[in-house]
> 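Handing you this structure, nothing more for now.
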Amino acid sequence: MAAAAPVSGLNPDRLPSQYLYDRFGREHGLPSDTVWIARQGPEGYLWLGTKNGLARFDGVRFTVFNKQNQAAFSSNDVRDIEVAADGSLWLATYGGGVLHYANGEFSALTTADGLADDIVHDVHIGPGGSIWFATGVGISRLRDGELQSWNKTDGLTDNRTFRIHEDGRGMVWIATLTNGLSRFDGATFHNFSEGSGLDSTQVHLLFADREFGLIATTITGTSYRLTEQGPVLHESSSLQQDLPLHAAVRDSDGSLWLGTYGQGLWRLDAEGALEQFTLTTERPGYVFELLEDSEGNLWASTMHGVYRLRDSDFLQYGQPEGLAEAIFVVTQSPVDDAIWAGSEGSGLFRLATDGTVTRFDMEQGLSNSNVSALLAEDDGTVWAGTFGGGLNRIGSDGSISHFTVQNGLPNNHIMGLQRDRQGRLWVVTDGGMGILDEVTGDLHLHQGLPVETVLREITEDHLGRLWLTSNSGLMQLQDDSITVWDESAGLGSNLVSTTYVDADGVVWIGSRESGLARLEGDRLFQFSTEHGLPQLSVLAILEDDAGRLWMSGADGLVSVARAELNAVARGTASRFNAEFYTEADGLRSAQFLGGFQPAGWRARDGRLWFASNRGLVAVVPDAFEQRGAPLRPVIEEVRINGEPVTLTDPLYLPPDAGSMEVDYTVPRLGNPHTLQFRYLLEGFDRDWHQVGSRRTAYFTGLSAGTRTLRIAATDSSASQGPATGEEATLTIVRAPFWYQTWWFRILAALTIVLLAAALYVFASRQALRRQRRLERLVDRRTRELQIALSKVEEISRTDSLTGVANRRFLDEMLDSAWQQCAQQHAPISIIMLDIDCFKQYNDSVGHVAGDECLRQVADALQSGVLRDEDVIARYGGEEFLALLPGADAHAVAGVAERVQRLLRNLKIPHPDSPVSPYITASLGCATVWPAEKGTPDELIQSADRALYRAKDDGRDRIRVSGEP
């Protein structure tokens, strides 16, 4: 089964610089930077053949297959990968023959099986199902399970074959690097070399294209159409570009992507225009293979890793496209729809609808290069306020005139511009605000503003009221009256940066420090992070056709439905759902700029333009792709007591299965970082574990029985559409210990009954004489039975390896402690500890030493937590959790520091740790007051986030939830 076809390819209307480029190499987990081939398998994984092994990529992590972990591999150099109709993979290796991957197992075909040579360069699956192999000593064909080979003695032009392709007529074309082409009809070879149909003996590419047909290219950059008579010079001038083509793929939008041998990556669009794409790498010239995946991303295999090119949901113009980096303001001309952008230090830019960029600077007559305010008018005039050079009027004829303090302006720092309904031009400067006399240049200052007020923007609403933003709050100017809303009136901050008045007359207020506020009539409502606001900086507010507000800020771009905001403000909802976009979503920078007017602009075509420190960002709401492909989780590996086991369904666990770890994923090759996971072991977990982006589930203390593990994923990105996913399930059957079986329980019950009966008969016969002796005997037997039952109960609550509490007992103690602390109005804290680089430790010293290390760490934890009511539990794998009822944030930090010292004092050598020569651990602490808020799961999640922050900060650290 082949991977699903993509909905669309890379947007052909974008400039090369407007795509998102990501590189993956050895530092990301690839076994080699030399990547020969990339193919997508039926489950969505990307398979990569490298010089040092085969890699499987789910979008986040690489799994490597090589001769160190696979018996079928005798060479790690994987040159080609092809996906068969049944979903299996065929791999060409350099020196190890052909590998076949099916049902999770690798098998090999070599010269011992009839393969022409174990050096294999190319694999081709023909239309009829025959599989062809181009090898170092001729070609081979696998058909109906039989191998047949041909070489130079059979008429092949050369033994060293490089590419092979079977066309729809049953003709097989073979390319070589030393003696041209061969055409094989099944019986006879027809050869074409330099001087006999080709201009070079080096043929690098055979490619079947729906538009150009079957083509072959040589190292000289010449392309040939392959016909029944042989190769003929291709008639398309688009292909004759003197490029030594080595790879080609036509994407879903009709563009032909070309990889070259030494001259990088190129795109030939539907109109025949050729454009180069620069891969920012040390050696970008050699592109060995190209692939378009099912999500529309383009993958280029090179000598310096594999590159991913993908679309951004944002259209961005910055320095690579001819604009400046730091853009202050943006507007649109109503005459020709051109976008005007004012920059910091680089002047004024005009972006025409055809993409042409024109720059205006002091050389063209602009008074200053720092453009801080813009206003485009219906007659073609553009007003450009500057920060330090006054005001510029750019006429429709290109003439520029200046208004400065010499003409009567109170200050040369222009902050905002507004033409009101009466035709008056309002100018906001750093020294006051007023109406500009455009003939004399005089500014008639408005009187009555609060003293020492620094104004920012001025906006007129549909009722003719002027709204002013300032460092003293929001002001409304109507006739001669001024109304002020500031912190005393309910605003979160006086530093108001922007406003937006919607169609209902509601005023939306953006602040630099307190986020968003809403003014409806006289009712002011301040939103906060508790309502769902992801950042407390709002610099520009725009609305799209769907009724969503888009807000730029210092940390990213926010989108939220206006109706949801209204519901929270009116008290009919407590939270709204906001989408937050950063660099992970394709932005060049999440740092937007504001404080000048306008920092955002809605264009006539519906695009929303925002100013940022990396140029302009345009949101095209309708272009946010709703890919809608269901999320299909895949279970990759299960480890029992730290050791991998064969994955079957159902999965049978032995009675001594103390811990279980399950690795899972969703293959997502475009933007995998928006995936969020959860899992539930039915009959064991009380509720779903919401684990964020973590792709491993941990379990300890599994009791006997049959349970079903369910794994689900959601997509947090609005650009991906609603999260509609399938679930991965795995039936898990844990065998009981002998004393946990039904027959043992029945036998034990019968034994007790018989023993009681015997004792009763014996007691009756002895009656009064032995009554006291019998009572002592019964008491002793009862105590022994209670001790035995207590031991069984202790076994069910204890981790068999470390002797500390297991996960199940921890859950019981956490619930009990939570209720007790809630009744007593006391805090409760937890410490989550993870041994750093423990997998590397196991790999280096072995699992026996790893188990001993876990026991020593558990003993150190027991000695570091001193109170009787505290609980130490093994949470999963190398992860421990300390439950500290009654401990506040200060106390838990002290316990964490004591535990860290004890672990360091153990001085357990770690031969493969990048952190320390000894075993270290990362700790995450969290505290909550159960009587006030929260749940036990939220407390654990807070500690888990703190733990992962400690690991992200370099490991061997303590991080406390809530700290910056």
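For this chain, numbers begin at 1 and follow the sequence in order.
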> Parallel under 30°, tilted from 30 to 60°, perpendicular over 60°: which one fits the rings of Tyr286 and Tyr261?
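Geometry flag for Tyr261 against Tyr286: perpendicular rings.
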> Checking ring pair (Phe, Tyr, Trp, His ring centres under 6.0 Å) between His246 and each of Phe207, Trp266, Phe162, which is the one that passes?
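With His246 as partner, ring pair (Phe, Tyr, Trp, His ring centres under 6.0 Å) holds for just one option, Phe162.
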> Are any non-hydrogen side-chain atoms of Asp77 and Thr93 less than 4.5 angstrom apart?
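Asp77 does not reach Thr93 side chain to side chain.
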> Check Asp33 against Gly25 and note the closest heavy-atom contact, atom names and distance.
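Result for this residue pair: OD1-CA, 3.4 Å.
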> Taking C-beta and beyond as the side chain, do Asp269 and Pro12 meet within less than 4.5 Å on heavy atoms?
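In short, these two side chains do not touch, never coming nearer than 4.5 Å.
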> Would you find more than 12 non-hydrogen atoms of other residues, nucleotides or ligands less than 6.0 Å from Asn103 atom CG?
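Incorrect, the count does not exceed 12.
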> Under 4.0 Å between a Lys/Arg side-chain N and an Asp/Glu carboxylate O for Arg588 and Glu321?
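Here Arg588 pairs with Glu321 in a salt bridge, since their nearest N and O are under 4.0 Å apart.
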> More than 12 heavy atoms of other residues, nucleotides or ligands under 6.0 Å from CG of Asp144: yes or no?
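12 or below, so no.
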> Which label fits Phe24 and Phe62: parallel for a plane angle under 30°, tilted from 30 to 60°, or perpendicular past 60°?
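Phe24 and Phe62: perpendicular rings.
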> Hey, could you give me the CG/CD distance between Leu205 and Glu289, rounded to the nearest 0.5 Å?
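Rounded to the nearest 0.5 Å, the CG-CD separation comes to 8.5 Å.
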> Hey, what do you get for CG (Leu30) to CG (Asn52), rounding to the nearest 0.5 Å?
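If we round to the nearest 0.5 Å, Leu30:CG and Asn52:CG are 10.5 Å apart.
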> Angle between ring planes, Tyr101 versus Trp47, binned at 30° and 60°: parallel, tilted or perpendicular?
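Ring orientation of Tyr101 relative to Trp47: tilted.
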> Have Asp158 and Thr176 got a donor and an acceptor in their side chains that come within less than 3.5 Å?
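No pair is found: no donor N or O on one side chain lies under 3.5 Å from an acceptor on the other.
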> Are the side chains of Arg695 and Asp58 in contact, using a 4.5 Å heavy-atom criterion?
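Yes, close enough: below the 4.5 Å cut-off.
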> Within a radius of less than 6.0 Å around CZ of Arg61, do more than 12 heavy atoms belonging to other residues, nucleotides or ligands occur?
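It does: Arg61 CZ has more than 12 such atoms within range.
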> Between Tyr21 and Leu279, is any pair of side-chain heavy atoms under 4.5 Å apart?
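Sidechains of Leu279 and Tyr21: in contact.
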> Just how far is it from atom OH of Tyr94 to atom CG of Asp117, taken to the nearest 0.5 Å?
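Tyr94 atom OH to Asp117 atom CG measures 9.0 Å (nearest 0.5 Å).
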> Is it true that atom CZ of Arg160 has more than 12 heavy atoms of other residues, nucleotides or ligands lying nearer than 6.0 Å?
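For Arg160, atom CZ is not crowded (no more than 12 foreign heavy atoms under 6.0 Å).
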> Could you label the plane-to-plane angle of the His100 and Trp90 rings as parallel, tilted or perpendicular, counting under 30° as parallel and over 60° as perpendicular?
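Judged by the thresholds at 30° and 60°, the geometry between His100 and Trp90 is parallel.
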> Donor-acceptor check, side chain of Thr161 to backbone of Thr135, threshold 3.5 angstrom: yes or no?
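Side chain of Thr161 to backbone of Thr135, a donor-acceptor pair under 3.5 Å: yes, one is there.
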> Heavy atoms, side chains only, cut-off 4.5 Å: are Asn66 and Pro31 in contact?
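Result no, sub-4.5 Å side-chain heavy-atom pair not found.
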> Using the ring centroid of each side chain, check whether Phe65 and Phe73 are separated by less than 6.0 Å.
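Aromatic pair excluded; centres sit 6.0 Å or further apart.
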> Spell out, as yes or no, whether a donor-acceptor pair under 3.5 Å connects the side chain of Arg39 to the backbone of Val83.
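Between the backbone of Val83 and the side chain of Arg39 there is no qualifying donor-acceptor contact (under 3.5 Å).
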> Mind checking the CG-CZ spacing from Leu587 to Arg614? Nearest 0.5 Å is all I need.
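One finds 10.5 Å between CG of Leu587 and CZ of Arg614.
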> Whether Glu43 and Arg56 form a salt bridge (side-chain N of Lys/Arg under 4.0 Å from carboxylate O of Asp/Glu) is what I want to check.
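Salt bridge flag = no for Glu43 with Arg56.
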> So, does Arg163 use its side chain to make a donor-acceptor pair with the main chain of Trp173 at under 3.5 Å?
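Not confirmed, Arg163 side chain does not pair with Trp173 backbone.
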> Students often mix this up, so state it plainly: with edges at 30° and 60°, are the rings of Phe184 and Trp132 parallel, tilted or perpendicular?
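Phe184 and Trp132: perpendicular rings.
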> Looking at Thr218, Asp199, Thr217, which one forms a side-chain hydrogen bond (donor to acceptor under 3.5 Å, both in side chains) with Tyr224?
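Of the listed residues Thr218, Asp199, Thr217, the side-chain hydrogen bond (donor to acceptor under 3.5 Å, both in side chains) partner of Tyr224 is Asp199.
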> Are any of the side-chain heavy atoms of Leu290 and Trp299 separated by less than 4.5 Å?
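Leu290 does not reach Trp299 side chain to side chain.
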> Using a 3.5 Å distance criterion without hydrogens, assess whether the side chain of Asp663 forms a donor-acceptor pair with backbone atoms of Glu636.
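Not confirmed, Asp663 side chain does not pair with Glu636 backbone.
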> Take atom CD in Glu146; do more than 12 heavy atoms of anything else shown fall under 6.0 Å from it?
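Incorrect, the count does not exceed 12.
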> Does NZ or CZ of Arg79 fall inside the cone over Trp36's six-membered ring, less than 6.0 Å from its centre and within 45° of the axis?
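Because its charged atom sits under 6.0 Å from the ring centre and within 45° of the axis, Arg79 does stack over Trp36.
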> Keeping the roles fixed (side chain from Asn179, backbone from Ser193), state whether a donor-acceptor pair exists under 3.5 Å.
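Judged by distance alone, no pair lies under 3.5 Å.
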> Got a donor-acceptor contact below 3.5 angstrom from the Thr110 side chain to the Gly97 backbone?
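No.
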> Side chains of Leu258 and Leu274: does their closest heavy-atom pair fall under 4.5 Å?
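Touching, per the 4.5 Å side-chain cut-off.
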> Within the structure provided, determine whether Glu295 and Arg310 are in side-chain contact (heavy-atom separation under 4.5 Å).
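Side chain of Glu295 against side chain of Arg310, heavy atoms only: no contact under 4.5 Å found.
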> Do any N or O atoms from the side chain of Ser149 and from the backbone of Gly114 form a donor-acceptor pair under 3.5 angstrom?
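Between the backbone of Gly114 and the side chain of Ser149 there is a qualifying donor-acceptor contact (under 3.5 Å).
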> What distance do Ile174 atom CD1 and His165 atom NE2 have between them, rounded to the nearest 0.5 Å?
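Going from the CD1 atom of Ile174 to the NE2 atom of His165 covers 11.5 Å.
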> Check whether more than 12 heavy atoms from other residues, nucleotides or ligands sit under 6.0 Å from atom CD of Glu235, and answer yes or no.
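Result for CD/Glu235: enclosed.
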> CD of Gln68 to CG of Asn76: how many Å apart, nearest 0.5 Å?
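Rounded to the nearest 0.5 Å, the CD-CG separation comes out at 5.0 Å.
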> Any donor-acceptor pair under 3.5 Å linking the side chain of Asp253 with the backbone of Ser255?
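No, Asp253 side chain to Ser255 backbone: no donor-acceptor pair under 3.5 Å.
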> Looking at His124 and Glu166, would you say the former's side chain and the latter's main chain have a donor-acceptor pair under 3.5 Å?
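Here the side-chain-to-backbone pair exists.
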> How far apart are the closest heavy atoms of Ala38 and Ser301, and which atoms are they?
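What the structure gives for the nearest pair is N-OG, 3.5 Å.
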